Amino acid sequence: MGRVSKPKDYLINRDPEIVCYVNGTEYNWFSIDFKDTSIRPTNYTLRHEASPSNEGHLRNWQLQGSNDGDGDLWDTLINHENDESLNEPDATKTWTIPNITTFYQHFRLRMTGVTSSQRWYLCCSGFEIYGEIRRKDDDGGATKKMHTLIKIV
């Protein structure tokens, strides 16, 4: 995480004042493990951080899914090249993920090129994923935390 970044657990939130970013390493990524829940994604939303400097907007990245989050078995669900949708502080955008039939436990957002500032900083202050869910062990008990951010590289 960057020196002024909030801890990685803040990535999944709805507070627009949160700043989360990963220092400049080529092909930066973060992944989320939904534990005992798998999702067949239909849409996802990203929110850029709210910094007044208005820089570092994602332009080139992939959303990937896996059922083996520790390995190299990742399916690219949607690829963004020179996408200018996140172009302002606290910008939010929702994308449709077409034709996905597989349920995934792990999701990864992986940079494939530099940001609008020509850097490899992965700035993201919100991530949401939508779709059909399937729980491995649904016992009808109390609500459980369904996600944990497992890795940021």
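Since the structure is predicted, the reported quantities are computational estimates derived from the model, not experimental observations. Numbers here are sequence positions counted from 1.
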Quick check: does any side chain N or O of N60 sit under 3.5 Å from a backbone N or O of V114, one acting as donor and the other as acceptor?
yes
Side chain S66, main chain L73, donor-acceptor under 3.5 Å:
yes
Would you check if R59 and T115 make a side-chain contact, meaning some heavy-atom pair closer than 4.5 Å?
no
Where do N43 and T94 land on the side-chain hydrogen bond (donor to acceptor under 3.5 Å, both in side chains) test, with the steps shown first?
CA-CA 7 Å; N43 302 81; T94 300; over 6 Å; no
With a 4.5 Å cut-off on side-chain heavy atoms, are L58 and H80 touching?
no
What orientation do F107 and F34 show, parallel under 30°, tilted 30 to 60°, or perpendicular over 60°?
perpendicular
Holding to salt bridge (charged side-chain N to carboxylate O under 4.0 Å, His left out), I want the full list of residues that pass it with E84, two or more places apart in sequence or in another chain.
none
Any heavy-atom pair between the side chains of Y104 and L77 that's under 4.5 Å?
yes
With the side chain counted from C-beta on, respond yes when S85 and W95 share a heavy-atom pair under 4.5 Å apart, and no when they do not.
yes
What one should report as the nearest heavy-atom pair of F30 and F127 is CZ-CD1, 4.1 Å
Could you walk me through whether N79 and Q62 satisfy the side-chain hydrogen bond (donor to acceptor under 3.5 Å, both in side chains) test, starting with their C-alpha distance in whole Å, then the side-chain angles of each, then the deciding distance to 0.1 Å, before giving a yes or no?
CA-CA 5 Å; N79 187 53; Q62 296 174 337; 3.3 Å; yes
R134: partners by salt bridge (charged side-chain N to carboxylate O under 4.0 Å, His left out), with sequence neighbours left out:
none
Does NZ or CZ of R108 lie under 6.0 Å from the centre of the six-membered ring of W74, at an angle within 45° of the ring axis?
yes
Looking at CG of L46 and CD of E128, how far apart are the two atoms once the value is rounded to the nearest 0.5 Å?
9.5 Å
Check side chain to side chain contact (heavy atoms under 4.5 Å, CB included) between T92 and all other residues, then give those that pass, not counting sequence neighbours.
T45, R47
Looking only at the side chains, is there a donor atom on one of D33 and Q105 sitting less than 3.5 Å from an acceptor on the other?
yes
